[in-house]
Novice: 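Got a structure for you, written out below as structure tokens; questions coming shortly.
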Amino acid sequence: MEKIFALALSLLLITGCKKGEVEPNIEPTPQPEPSITEYKIGDLYDKDGVKGLVFRVYEDKLSGLIVSMTEPEDMKSWSSEFTATGCTERECGELNTSIIYSLPNWQSNYPAFEWCKSLGKGWYIPSIDELRELLIIASGNTFAHAIYNNGATPFATDYYYLSSTEMDEWWVYLVDAKTQKQSANYKQYTYHVRAIHTF
């Protein structure tokens, strides 16, 4: 019996399988389709370490702006000095914020921006137009529910929020959290602050 088995094994090793005689029975692994998520106002965005609530959605429904989940425990001033910085952009807070980050000793002279930087890369203080849009959205019931459901810090309703847009060397633009109206006041006074981020 052992001789028969050895003979069969030797014949198998000699003949073997010629290339092309036997088709491998392997199905190609299907590639997963790319995950596409459409967003709407009030949705939670949480990707790559960036987390916030959506308050602006562009036409593609895949990109827009989010607001930070929290704000500083203590109100912050725009600046500790009266200096014109060139942060006059009304529609792009990202540009204003980048100007501040380019100034010498900005960490000690611009408290609100120092807090914003602590959130990580890409966060910025909204411009006056972005801030007013944000606070109008935040005053609605849909956004209030989103804040509650996702454990975010509620927006204050008793004072002003700070924008990154300055009027001159003395004053900075603000938005009243209760009425969503624009005003201006001294840079050295303290205000509520919220940061925003593109996605």
Novice: Looking only at heavy atoms, what is the nearest atom pair of A195 and P126, with distance?
Specialist: CA-CD, 4.5 Å
Novice: Within this structure, what is the OG-CD distance for the pair S63 and E38, rounded to the nearest 0.5 Å?
Specialist: 11.0 Å
Novice: For the residue pair W78 and Y186, is the inter-centroid distance of their aromatic rings smaller than 6.0 Å?
Specialist: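 No, the ring centres sit 6.0 Å or more apart.
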Novice: Rounded at 0.5 Å granularity, tell me how far CG in L65 sits from OH in Y45.
Specialist: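 Between L65 CG and Y45 OH, I get 12.0 Å after rounding to 0.5 Å.
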Novice: Counting only N and O atoms by type, is there a donor-acceptor contact under 3.5 Å from the side chain of E166 to the main-chain atoms of T88?
Specialist: no
Novice: Going through the checks in order, is the side chain to side chain contact (heavy atoms under 4.5 Å, CB included) test met by W123 and T97?
Specialist: CA-CA 9 Å; W123 290 99; T97 302; over 6 Å; no
Novice: Quick check for you: to the nearest 0.5 Å, what is the distance between F113 atom CZ and S77 atom OG?
Specialist: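 Output value for this atom pair is 10.0 Å.
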Novice: How about V193 and C116: do any of their side-chain heavy atoms sit closer than 4.5 Å?
Specialist: no
Novice: T165 side chain to I128 main-chain N or O, any donor-acceptor pair under 3.5 Å?
Specialist: yes
Novice: Heavy-atom count check: over 12 atoms from other residues, nucleotides or ligands less than 6.0 Å from D48 CG?
Specialist: no
Novice: Give the C-alpha distance, both sets of side-chain angles, the deciding distance and a yes or no for side chain to side chain contact (heavy atoms under 4.5 Å, CB included) between T198 and Y124.
Specialist: CA-CA 9 Å; T198 59; Y124 62 92; 4.1 Å; yes
Novice: Do S127 and N96 make a side-chain contact, defined as non-hydrogen atoms from C-beta onward lying under 4.5 Å apart?
Specialist: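 When only atoms from C-beta onward are counted, N96 and S127 do touch, with a gap below 4.5 Å.
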Novice: Out of curiosity, K61 NZ to K40 NZ, how far, rounded to the nearest 0.5 Å?
Specialist: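 With rounding to 0.5 Å, NZ (K61) is 10.5 Å from NZ (K40).
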Novice: Would you give the length of the straight line joining atom CD of Q107 to atom OH of Y101, rounded to the nearest 0.5 angstrom?
Specialist: 9.5 Å
Novice: Please enumerate all residues that pass ring pair (Phe, Tyr, Trp, His ring centres under 6.0 Å) together with Y161, with sequence neighbours excluded.
Specialist: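 For Y161 the ring pair (Phe, Tyr, Trp, His ring centres under 6.0 Å) partners, ignoring immediate neighbours, are F155, H192.
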Novice: Can you pull the salt bridge (charged side-chain N to carboxylate O under 4.0 Å, His left out) pairs that have at least one residue in residues 68-93, sequence neighbours excluded?
Specialist: E71-R194, R90-D129
Novice: Donor-acceptor pair, K187 side chain versus T83 backbone, under 3.5 Å?
Specialist: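 It does hold such a pair.
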Novice: Crowded around Y58 OH? As in, over 12 foreign heavy atoms under 6.0 Å?
Specialist: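 Counting other residues, nucleotides and ligands, OH of Y58 exceeds 12 neighbours.
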Novice: Any chance you could measure T153, atom OG1, to M69, atom CE, to the nearest 0.5 Å?
Specialist: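 T153 atom OG1 to M69 atom CE measures 8.0 Å (nearest 0.5 Å).
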Novice: Is there a donor-acceptor contact under 3.5 Å from the side chain of H145 to the main chain of G140?
Specialist: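 Checking the backbone N and O of G140 against the side chain of H145, no donor-acceptor pair under 3.5 Å is found.
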Novice: Quick one, V67 and F143 - any side-chain contact, counting heavy atoms below 4.5 Å?
Specialist: yes
Novice: Checking I66 against L53 for the side chain to side chain contact (heavy atoms under 4.5 Å, CB included) test, could you report, in this order, the C-alpha distance in whole Å, the side-chain angles of both residues, the deciding distance, and whether it holds?
Specialist: CA-CA 5 Å; I66 60 173; L53 295 176; 5.9 Å; no
Novice: For the side chain of S139 and the backbone of I136, is there at least one donor-acceptor N/O pair under 3.5 Å apart?
Specialist: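 Answer holds: yes.
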Novice: Give a yes or no on whether the backbone of I125 and the side-chain of S164 come within a donor-acceptor separation of less than 3.5 Å.
Specialist: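 Present.
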Novice: Take I137 and L134 through the side chain to side chain contact (heavy atoms under 4.5 Å, CB included) test and state the conclusion after the steps.
Specialist: CA-CA 5 Å; I137 295 293; L134 168 63; 5.6 Å; no
Novice: Which one of Y191, Y160, W170 satisfies the side-chain contact (heavy atoms from CB on, under 4.5 Å) criterion with N185?
Specialist: Y191
Novice: Measuring only between side-chain heavy atoms, which start at C-beta, is L103 closer than 4.5 Å to T85?
Specialist: yes
Novice: Should we count CH2 of W106 as having more than 12 external heavy atoms under 6.0 Å?
Specialist: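 Counting neighbours around CH2 of W106, more than 12 heavy atoms of other residues, nucleotides or ligands fall under 6.0 Å, so yes.
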